[in-house]
Structures are given as structure tokens and as C-alpha cells.
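Chain naming here is simple, since letters A, B, ... match the order of the sequence lines and numbering starts at 1 in each. Just the heavy atoms: all of them, side chains too, but no hydrogens, waters or symmetry mates, feed the values below.
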Protein chains: 2
Amino acid sequence: MAEYDESGAAAPVAPGRPPTIRDVAREAGVSKSLVSLVFNGGENVSEERRLRVLHAADRLGYRPNLVAQSLSSGRRDLVAIFVSNLHNPLFAEIVGAAKARLAEAGQRTIIVSAQVDDGSGSPVLDRDNLAVLRDLRPSGLITVGTIPEFAELADLTAVIPTVVASAIDATGDVTATIRSDDEAGIDLVVAHLAAQGVRRIAFVGGEGGTVSASRAAAFRSAVARRGIAGAVQSAVAPCSTDDSAESAMAIADADERAAARAWVEAADFTEEAASRAVRRLIAEDRVPDAIVTGNDLTAIGVITALEEAGIRVPEDCRVAGYDDTSLSAIPRISLTSVDPGNRRIGREAAAALLAAIADGTRLGEVLIPPSLVVRDSA
Amino acid sequence: MAEYDESGAAAPVAPGRPPTIRDVAREAGVSKSLVSLVFNGGENVSEERRLRVLHAADRLGYRPNLVAQSLSSGRRDLVAIFVSNLHNPLFAEIVGAAKARLAEAGQRTIIVSAQVDDGSGSPVLDRDNLAVLRDLRPSGLITVGTIPEFAELADLTAVIPTVVASAIDATGDVTATIRSDDEAGIDLVVAHLAAQGVRRIAFVGGEGGTVSASRAAAFRSAVARRGIAGAVQSAVAPCSTDDSAESAMAIADADERAAARAWVEAADFTEEAASRAVRRLIAEDRVPDAIVTGNDLTAIGVITALEEAGIRVPEDCRVAGYDDTSLSAIPRISLTSVDPGNRRIGREAAAALLAAIADGTRLGEVLIPPSLVVRDSA
DNA sequence: ATGAAAGCGCTAACAC
DNA sequence: GTGTTAGCGCTTTCAT
């Protein structure tokens with residue numbers, strides 16, 4: 001059903017369709033090209049014509065069509081931000097900060113979500129959104145959080161500058177990776193706990209992603225560094241891959257477990273997995289003095305399972321999270337957590353991308369120093 | 001000029017640029033149009049050619065360029081979902097469900113975020129994203145949650161079918177609005193509270209948006225209906241606008257307040273505002289037996305302020321939320337809340353849009369019946 | 001300084 | 001059935 005088609009003839013202020021460059025040209029009595037020049041900071045355009053064009057555009061309410069611009073010899077001022085996940089407040093902060101920095105530099109940004117909850121459990125890459133992103137031919141790309149099927153972006157990352165924020169780049173061919181210094185963050189937590197005389201510490205996490213694994217590895221070195229590593233810990237020390245947690249459990253027999261003072265209890269980044277891990281600890285009578293987790297959500301799961309068994313937090317067992325999301329600040333939760341400096345991560349990611357676009361700078365991995373926010377849970 | 005450019009003779013599998021329809025045509029030894037036909041479910045294409053084209057496309061890794069498609073006489077299978085806010089898990093559920101339904105109908109969807117956190121406090125409309133959305137010329141639009149400056153979408157809503165999910169359309173010119181039946185939801189809460197013998201009930205909210213106002217109004221009628229409305233309530237009964245809460249407080253003098261059994265305590269949809277409202281209640285010694293809120297976040301703010309003053313929840317004061325977000329299920333919070341049926345809202349929104357696209361059906365306002373999830377807080 | 005003309009990748013009449 | 005011819009809205013040589 002056609003809109004107001006034949007609207008030809010006069011067509012002054014508000015036709016059916018948004019005004020095109022052609023309308024503006026006609027209105028101003030100049031050529032298309034001239035209008036284009038004016039809108040692209042054209043140097044040598046007479047002041048008189050420029051004003052004529054600007055006024056005409058204004059009168060018509062003209063705004064250049066991004067899609068057409070993108071098609072016609074790919075625009076160079078559009079940056080796409082591909083966000084893994086709409087749930088996590090963490091990412092919203094990063095995106096906001098990145099976008100602000102990009103805007104300062106005159107880049108337009110489009111934020112596209114990467115994941116879709118296809119109903120069937122685990123979230124999956126949103127290929128439609130990815131297709132649009134790709135076809136828009138942005139001049140740069142920032143991914144925020146772990147993107148499902150990141151490998152499918154390979155053709156993009158090969159061609160346009162890409163910076164990964166708050167995730168660990170597995171492929172290795174991106175321009176830069178900006179993320180929290182997990183090593184330092186976890187060390188902050190372990191130090192805090194150690195200072196309180198805690199002896200037996202477990203890390204719940206390590207599975208379900210590279211970030212999770214990185215934090216588990218950080219935990220291993222932190223406890224080793226402080227000499228609070230037990231038998232189990234040393235057994236797995238040389239191994240820092242994803243499945244070392246499993247090995248740890250496989251290797252350690254019951255006696256060793258009792259003697260161990262620090263270990264990794266396998267769980268992915270979900271609340272449920274964390275609860276399950278803790279119930280396992282409880283069932284096997286291995287509840288430690290403190291539990292360090294890979295993120296805040298996991299910490300919630302830990303607290304839930306603990307309290308459900310009558311184990312008080314922090315009195316009987318301390319708990320710490322990571323990310324310092326809005327959750328942790330809720331008084332009823334009051335979770336001690338590591339603040340990764342999200343806004344800073346966002347700004348640095350934007351800056352890194354800007355540099356890459358400008359002169360091809362490749363920053364590699366940038367670790368942002370985190371800080372510890374101490375609350376009631378530890 | 002030009003169909004088969006002499007561009008580089010061979011050029012088989014992976015040139016620099018993504019393959020275009022032209023490449024496929026050459027590879028298959030047919031014309032561009034034929035390729036286009038094949039990719040658009042062309043009826044009358046000989047099986048032989050169709051296969052040739054498909055194989056060629058496959059060999060080259062060809063995928064039609066959305067942007068070009070959109071430009072060339074606006075595609076009719078792209079629906080845009082414009083989400084107000086990346087923070088709220090509520091919206092993620094709605095988006096996921098809507099997208100799934102749309103996919104079933106063969107529509108591609110692009111999810112675009114509507115708000116940016118411009119650093120300076122309150123979130124603002126993301127005009128860049130809106131521009132992209134607009135220029136993509138989607139065949140339909142679903143907005144999720146309250147969009148900042150919704151009026152700026154007027155040119156879009158005038159031309160393409162638009163359905164508003166989980167928000168209240170102020171402009172009135174959208175195809176359909178799908179949202180929770182606030183009247184029923186709040187009534188569920190009030191009934192539950194009344195059944196427990198609660199006499200003095202306050203609603204914290206009413207400001208900061210149409211949804212907030214709608215729920216406050218629902219509260220007023222629910223208490224009136226159950227005859228638990230006090231002097232203040234009847235004083236404001238005829239008035240159901242945003243500022244009636246203010247009037248209530250202005251009208252009621254101290255004596256009346258003491259006698260009142262139900263009233264609205266003004267606050268917007270934020271945690272802080274809710275806390276402030278409760279502190280006001282405490283300071284003026286007007287703490288009720290139960291507090292109903294406009295959403296879960298507000299409820300958290302209420303609980304925080306209450307407990308900070310030593311008032312126990314639910315023993316001294318019951319609290320109920322709205323939206324049944326993941327927050328409320330956290331055991332430490334355990335918030336009684338109204339489940340608006342988010343997935344259902346998403347699906348119905350998608351269905352309404354599909355119908356509108358197909359035959360112009362305009363559903364108007366659709367209210368989804370909510371249910372009450374009783375937890376510890378009430 | 002300004003306009004004409006040739007595309008970007010694709011679709012859509014309209015011929016053959 | 002299949003190819004030709006025009007565009008969609010814009011940018012960009014290349015003349016003038």
C-alpha cells in the first residue's frame with residue numbers, strides 16, 4: 001500500500017517521504033554534488049552557496065541517509081559497538097563511556113546487541129544484527145563482553161580496526177583488548193582475605209569462558225604467591241587451562257582435600273552453577289573460610305547456597321565477587337567486590353580504536369588496574 | 001557498461017572485498033537479476049539455473065548486502081526493535097521473545113538500543129542509533145520500554161507499523177500497545193495484603209513516567225474498591241494524573257495523615273527516590289503496615305531505607321514490587337512481586353506487528369494479565 | 001567554485 | 001524463463 005506516492009510537483013515542506021539530497025539541491029537551486037560537498041565539510045564552496053544549501057536543508061528537514069552514505073563508498077565516521085549481552089549492567093557502563101568518548105571525536109556510533117535469547121537456554125549469536133553491522137561497513141568496531149561465536153567476526157576484524165573490551169580475545173588478531181587486570185583484582189581480594197586471617201579459600205568459577213578461566217588462574221597464582229596454597233593447589237600449579245579445576249578435583253583424594261587450604265571449585269559464570277558447586281562443598285564437608293568468585297552473579301549463587309544450608313555470611317564463610325555491579329551495592333546483599341573501572345575501560349577502548357583508525361596503532365592488551373570495594377560479605 | 005566488468009579476470013574464492021551479486025552472476029554465468037530472483041524466492045527460475053546460482057553463491061561465500069537491499073526500494077522483511085534501556089533484565093526477556101516470534105515468521109530483526117548514558121546523569125535518546133534505524137527503513141518497529149523523547153519517532157510511527165511493548169504510548173498514534181494490566185496486577189498485590197489484615201498501605205511511586213503513573217492510579221482504585229481508602233485517598237480520588245500524589249500530600253494535614261489508611265507517596269522509578277520517600281515517611285512517623293511499589297528497583301530502595309531505620313521487612317512492614325525481575329528471586333531479597341508475563345508481552349507484540357504488516361490490523365491497547373509471585377517480603 | 005556522470009549492491013519493471 | 005534498464009540516496013572523480 002503505497003504511501004503518498006505521486007507527490008511530485010511542488011513538494012515543499014512535508015511530503016510523504018523524507019527529503020533527499022536531490023530535494024535540497026532543487027530547493028537551493030544547486031547541484032546534488034554541491035549539497036554533498038557542503039555536508040561533508042567541503043572546503044571550496046562559496047559562502048553564499050553554502051548558506052543557501054544549509055537553509056534549504058533546514059527548511060526541508062533534510063538529514064543525510066546513513067544507509068546510502070554507507071553504500072556509496074563506505075562512510076568513515078561510523079563506529080559500531082557490539083555488546084554481548086543486554087542483561088549485565090556492567091556492559092551498559094562500558095558502552096556509555098565508550099560512546100561518549102567516540103562522540104567527542106566526532107564519530108557516530110551504533111550500538112548493536114550480539115546475543116539473543118533464543119528461548120532454548122543459552123544465548124546465541126544474533127546473526128541478523130551482525131549482518132546489519134557488517135553491511136553498514138563501520139570504520140571501527142568495539143566488542144563489549146564475550147561475544148558468542150566470536151570467530152564469525154573474523155572477516156570483519158581482518159578488515160576493520162577492532163577493539164575488544166572486557167573480554168579476552170581468543171583469536172589474537174584484534175587491534176587491542178582492554179580489560180580489567182584480573183591478576184591484580186583477584187590478588188586484592190586474596191590479600192584482603194588473608195589479612196583477616198582466613199586460611200582455607202576456594203575460588204568458585206573457572207569455566208564457561210575465557211574471563212572466568214583467567215580469574216581462576218589469577219586466583220591460583222595469588223594464593224601461591226601468598227603461600228596459602230595447599231596440596232591440591234601445588235598439584236595443579238603448572239596447569240592454567242580451563243579444565244585444571246577438574247584435574248584438581250580428580251587428583252585430590254579426600255585426605256588431600258581436608259589438608260588443602262586453597263583450591264578452585266569448578267563452575268561457570270552462572271548463579272546456578274555456583275550454587276551447585278557450593279552444595280557440593282557442603283555435601284563433602286569441604287566448606288572453606290572464604291569463597292572468591294569470578295563475578296557478582298556467581299557470588300550471589302554462592303551466598304544463596306551457603307545460607308540455605310544455615311552457613312552464615314560473612315560470619316561462617318566470607319564471600320567476594322568481581323565487577324562491582326549495581327547488585328553488590330544493594331544493602332541486603334552488600335557484597336565485597338572488585339571494581340574493574342568500567343567507565344575507564346570504555347573510554348580506553350574508544351581511545352584505542354580512535355588511534356587505530358587514525359594511524360593504525362595496535363595497542364595489544366591493556367590491563368586496567370582494579371580496586372577493591374569492601375562491603376559486609378567479606 | 002557494464003555488466004561483467006573486466007575486473008581482474010579470475011577472482012575466485014576470497015578477494016579482498018565481500019562478493020557482490022555481480023560476482024555471483026559472473027561465477028554462475030547468469031545475470032544479476034537472475035541471482036536476485038533466486039535469493040528472493042523467485043518462482044519462475046529453472047531448477048538448473050537456480051542450482052547454478054546457489055552453488056556459485058556458496059562457493060563465493062555470498063550474502064546479500066542488507067544495506068543495499070534496504071536502499072533499493074526498502075526491503076520488507078526487516079523489523080527493528082528499539083529497546084529503551086540495556087540495564088533492565090525485564091526488557092531483555094521481552095526482546096528475546098519478540099525476536100523469536102518474528103524469526104518464526106521469517107522476519108529479520110535488528111535490535112537497537114534507544115538510550116545512552118551521556119555521563120551527565122539521566123539517560124537520553126540515542127539519536128545516532130535512531131538515525132540508523134530510520135535509514136534502514138524497517139517494515140515494522142517494536143519499541144520496548146519507555147523511550148526518552150518518544151515524540152521524535154513520530155515520523156516513523158506515522159509511516160510504519162509500530163507497536164509499543166511494556167510502556168504506555170502517549171502520542172496515541174501507534175498500531176498497538178502491549179503491556180501488563182497494571183490495574184489487575186496492583187489489585188493482586190492489594191488483595192494479597194488485605195487478606196493478611198494489613199490496614200495502612202502506601203504506594204511509593206507515581207512519578208517519572210507513564211507506567212509509574214498508571215500503577216499509582218491502579219493502586220488508588222484498588223484500595224478504593226476494597227474500602228481501605230482513608231481520608232486522603234478519597235480527597236484525591238477524582239484525580240488520576242501524575243501530580244496527584246503531590247496534591248494528596250498538600251491537601252492532607254497531619255491529622256488526616258494519621259487517620260489515612262492508604263495513600264500514594266511520590267517517587268519516581270529509581271531506587272534513590274524510593275529510599276527518600278520512605279525516609280520521609282519515617283521522619284514524619286507515617287510508616288504504614290505495607291508498601292506497594294511501582295517496580296522492583298523501587299522496592300529495593302524501600303527495603304533499604306526501612307531496614308536502615310531498624311524497621312524489619314516483612315515483620316514490621318511488608319513490601320511488594322512489580323515486574324518480577326531476576327532481582328526479586330534472589331533469596332536475600334526474596335521480594336513478592338507481580339510477574340507481568342514478559343515473554344508473553346514480547347510474543348504478543350511481535351504478533352501484533354506481524355498482523356499490522358500483513359493487513360493493517362490495529363490492535364490498540366492489549367493488556368496482559370499478570371500474576372502474583374509471593375515471596376518473603378510480603 | 002560548481003555541475004555532469006558514473007557508480008556503491010541491490011531490486012523491480014519491462015522487454016525478449 | 002532470463003536479461004536489460006532504471007533507479008534507491010549518496011559520494012566522487014573529472015571536466016568546466
Taken to the nearest whole Å, CG/A/Leu71 to P/D/dT11 is 11 Å
Is A/Val30 touching bases, backbone alone, or none of the nucleic acid, heavy atoms closer than 4.0 Å?
-> sugar-phosphate
Shortest non-hydrogen pair, B/Ile160 vs B/Ser139, comes out as CB-O, 4.2 Å
### Message
Does any part of the side chain of A/Asp128, heavy atoms only, come nearer than 4.5 Å to the side chain of A/Val116, both counted from C-beta?
### Response
no
Give a yes/no on whether any side-chain N or O of A/Asn65 is located under 4.0 angstrom from OP1 or OP2 of D/dC8. no
Side chains of A/Asn129 and A/Ser113: do they bring a donor and an acceptor to under 3.5 Å? yes
Respond yes when some side-chain nitrogen or oxygen of B/Arg22 is under 4.0 Å from OP1 or OP2 of C/dC8, and no when none is.
yes
Here the distance between atom C1' of C/dG9 and atom CZ of B/Phe39, to the nearest Å, is 13 Å
Are any of B/Ser46's side-chain N or O atoms less than 4.0 Å away from OP1 or OP2 of D/dT2?
yes
Between A/Gln69 and D/dT11, is there a contact of a side-chain N or O with OP1 or OP2 at under 4.0 Å?
yes
Is the phosphate of C/dT2 approached by A/Ser33 (side-chain N or O, under 4.0 Å from OP1 or OP2)?
no
When rounded to whole Å, the CG to P distance for the pair A/Asn40 and C/dA1 reads 17 Å
When rounded to whole Å, the CG to C1' distance for the pair B/Leu66 and C/dC10 reads 11 Å
To the nearest angstrom, the CG-P distance between A/Leu37 and D/dC10 comes to 14 Å
- Message: Below the 4.0 Å mark, does D/dC10 have OP1 or OP2 next to a side-chain nitrogen or oxygen of A/Ser36?
- Response: no
Between NZ of A/Lys32 and C1' of C/dG7 the distance, given in whole Å, is 10 Å
Looking only at heavy atoms, the pair that brings A/Ile142 and A/Ala98 closest together is CD1-CB, 4.4 Å
Side-chain atoms of A/Arg49 come closest, of C/dT11, C/dG3, C/dG9, to C/dG3
When you check the gap from the basic side-chain N to the acidic O, do B/Arg347 and B/Glu104 get nearer than 4.0 Å? yes
Looking only at D/dG3, C/dT2, C/dC8, the nucleotide nearest the A/Val45 side chain is C/dT2
inquiry  = Is there a side-chain contact between B/Ser31 and the phosphate of D/dG3, meaning an N or O under 4.0 Å from OP1 or OP2?
reply    = yes
Here the distance between atom P of D/dT2 and atom CZ of B/Arg52, to the nearest Å, is 9 Å
Taking C/dG9, D/dA6, D/dT11 as options, the one with an atom nearest any side-chain atom of A/Arg137 is C/dG9
Between CZ of B/Arg26 and C1' of C/dC10 the distance, given in whole Å, is 16 Å
